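FYI, side chains are in, hydrogens and waters are out, and symmetry mates aren't considered; it's all heavy atoms of this structure. When a ligand or atom number is given, it counts from 1 through the structure's own listing order. Numbers for residues simply follow the sequence, beginning at 1. Predicted, not measured: the structure shown is a model, and the values here were computed from it.
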Amino acid sequence: TPLDKIRNFSIIAHIDHGKSTLADRLIQVTGGLTAREMSEQVLDNMDIEKERGITIKAQTVRLSYKAHDGETYTLNLMDTPGHVDFAYEVSRSLAACEGALLVVDAAQGVEAQTLANVYQSIEHDHEIVPVINKIDLPAADAEKVRAEIEEVIGLDASNAVLTSAKSGIGIEEVLEAIVTRIPPPKGDADAPLKAMLVDSWYDPYLGVVILVRVMAGTLKKGQQIKFMATGTTHLVDRVGCFRPKIEQLTELGVGEIGFITAQIKEVAQTAVGDTITDAKRPATEALPGFKLVQPVVFCGLFPVDAAEFEKLRESIGKLRLNDASFTFEMESSAALGFGFRCGFLGLLHLEIIQERLTREYDLDLITTAPSVVYEIELTHGGGHLELHNPADMPDPNKIALISEPWIEAVIYCPDEYLGPILKLCQDRRGIQKNLTYVAGRAQVTYELPLNEVVFDFYDRLKSISRGYASFDYHQIGYREGDLVKMSILVNAEPVDALSMIVHRGTAEARGRGMCERLKDLIPRHLFKIPIQAAIGGKVIARETIAAMRKDVTAKCYGGDISRKKKLLDKQKEGKKRMREYGSVSIPQEAFIAALRMG
Ligand code: GDP
Ligand code: MG
């Protein structure tokens with residue numbers, strides 16, 4: 001395809017503003033799929049994605065559109081993941097495009113995620129086409145949203161396209177805007193091959209599929225290619241594109257987006273952002289912007305039933321085939337037995353993996369307190385240490401200095417929720433950097449320790465703002481902190497799954513909260529159970545669970561046998577989901593529930 005007939009674009013939007021629905025419409029209108037095939041949203045193809053309404057893995061589709069000028073154009077639509085945890089993947093998808101559709105819900109207006117994405121898009125020099133969607137809603141106010149886009153983002157929205165992706169209004173106008181307003185790609189067809197590795201995933205039939213954008217030269221079937229960052233060479237055995245069904249091609253020319261396969265077995269062998277070049281005639285310089293993504297949140301995953309350890313190992317291995325961004329290594333704990341220490345890009349990523357293990361692989365899991373990575377300087381030139389697990393915290397008098405990762409967060413909310421939001425940020429050791437009001441909304445910027453955000457910050461923010469606040473963050477580096485390890489003791493035994501690193505200033509409140517919640521979560525036993533939070537040898541909070549009467553069935557006031565049996569069965573059922581700590585049984589749910597702050 002000649003360059004001037006190609007348009008590469010992505011769609012950026014806040015969650016739920018209609019990105020996937022619009023993408024599906026564009027595919028439908030350009031004839032990619034029949035109406036029946038459209039009955040399901042095609043771009044969100046994993047079950048969990050559908051339920052959560054988010055796009056986890058980037059997908060791309062090639063459309064052919066005969067425009068009003070009589071010419072047929074090749075439009076490559078790049079779908080991007082919609083969550084802060086996957087920011088680097090988003091940045092590579094954007095780097096593969098020349099423009100973006102900015103979808104804004106006509107009833108909701110501009111949200112934090114919209115802003116974060118649009119700034120990234122601007123950084124990539126994109127031509128941005130504002131699309132005001134959901135104009136069919138009674139609460140839609142397109143003029144207000146148009147003004148908001150101009151005022152808040154600073155984009156000219158006078159020629160924004162008004163759409164209802166749901167009822168199919170304005171779709172052709174969107175296609176025309178793509179052709180006439182987004183510039184075609186540039187690039188030298190005769191130069192040595194340079195293709196950006198935008199994304200990769202495991203397909204049971206094809207093996208690892210790699211999504212690429214050719215920046216220079218040509219990528220051909222049968223070509224020997226080299227990955228510049230990882231240094232490996234491979235033979236390209238398939239070249240093609242998605243329409244969204246697979247179409248095999250013989251080559252991808254400069255400016256084009258498509259996929260290749262090269263008999264690669266594991267996604268871990270491919271790095272997003274890497275440059276693919278010709279092994280025999282390599283490019284001298286790689287494309288800019290390559291970065292290895294590193295997990296930022298770690299936790300332990302243990303099977304409730306120790307006999308399921310092998311099954312857990314196998315299941316994690318399978319998930320990892322398709323997601324190289326989480327890491328795992330074996331871990332053993334006195335109380336929980338054998339399990340894995342896993343690293344994730346963020347909390348949502350953790351929840352997705354945990355949910356898939358539970359649902360798709362039918363595993364009962366105990367998740368230990370999520371932790372960020374701390375940097376520790378040891379005393380007496382003992383060197384430097386990266387701490388991923390509170391259980392590995394060195395003796396406090398061997399620590400010269402400990403630092404923790406910080407983030408800069410932008411929160412965007414209607415005025416009336418600002419008070420409680422500021423308080424939440426203050427309680428989490430936040431430092432306010434900026435506060436502005438635009439069009440009846442507040443935009444507040446805070447620096448926060450990541451550790452204070454990973455537990456339940458997002459849930460709290462949503463609940464105190466009744467869902468109206470939105471939140472976006474990026475990491476800004478490490479800072480020294482007065483951090484200590486807090487242990488939880490149940491019946492005088494430390495429960496390592498619940499130990500966590502906390503700031504000394506908030507330790508007591510955290511400890512008290514944990515003890516109070518555990519008191520409600522751990523059932524009564526035949527004896528009294530003390531629950532304590534301690535730092536070093538010093539107890540900072542304590543609760544006691546009173547002893548229970550000897551015979552549970554005594555509650556049934558004699559007589560009713562079937563009721564008695566039911567109660568005993570229920571107890572047995574409960575036993576399976578319990579962990580024994582010395583002589584105390586702790587229900588599986590308690591581990592996660594205890595971490596949620598009140
Ligand atoms: P995404 O998270 O941006 O991909 O949003 P989706 O495309 O999944 O849409 C979120 C919700 O909004 C879904 O329930 C859609 O059916 C609905 N939706 C999308 N576009 C429209 C529209 O134009 N009008 C109305 N009323 N609802 C829409
Ligand atoms: Mg979507």
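Residues passing the ring-ring contact (aromatic ring centres under 6.0 Å, His included) test with Phe298, sequence neighbours excluded: His388.
The proximity of Asp16 to ligand 1, defined as any non-hydrogen pair under 4.0 Å, involves the side chain as well as the backbone. The proximity of Lys134 to ligand 1, defined as any non-hydrogen pair under 4.0 Å, involves the side chain as well as the backbone. Contacts with ligand 1 closer than 4.0 Å are made by side-chain heavy atoms of Asp136 only, the backbone lying farther away.
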Stepwise side chain to side chain contact (heavy atoms under 4.5 Å, CB included) check, Asp323 with His349: CA-CA 10 Å; Asp323 182 353; His349 189 210; 2.8 Å; yes

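Atoms of ligand 1 lying under 4.0 Å from at least one heavy atom of Ser20, given by number and element, are 1 (P), 4 (O), 7 (O). Proximity to Leu137 (heavy-atom distance under 4.0 Å) selects the following atoms of ligand 1: 26 (N). Counting atoms of ligand 1 from 1 in the listed order, those under 4.0 Å from a heavy atom of Asn133 are 20 (N), 21 (C), 23 (O).
Looking at Gly18 next to ligand 1, an N or O pair under 3.5 Å apart turns up. Residue-to-ligand polar distances place Ala165 within reach of ligand 1: an N/O pair is separated by less than 3.5 Å.
Inter-residue side-chain proximity for Val236 and Val239 is flagged as met; some heavy-atom pair is nearer than 4.5 Å. Looking at Leu312 and Ile316, their side chains come closer than 4.5 Å, going by heavy atoms from C-beta outward.
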Table please: side-chain donor-acceptor pairs of residues 125-135 below 3.5 Å, with sequence neighbours left out.
| unit_1 | atom_1 | unit_2 | atom_2 | d |
| --- | --- | --- | --- | --- |
| His126 | ND1 | Ser121 | OG | 2.7 |
| His126 | NE2 | Leu94 | O | 2.8 |
| His126 | NE2 | Cys97 | O | 3.0 |
| Asn133 | OD1 | Thr163 | OG1 | 3.0 |
| Asn133 | OD1 | Ala165 | N | 2.9 |
| Asn133 | ND2 | His17 | O | 3.0 |
| Lys134 | NZ | Asp16 | O | 2.7 |
| Lys134 | NZ | Asp105 | OD2 | 3.2 |

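Proximity of the aromatic rings of Phe457 and Phe471 is defined here by a centroid distance below 6.0 angstrom, and this criterion is met.
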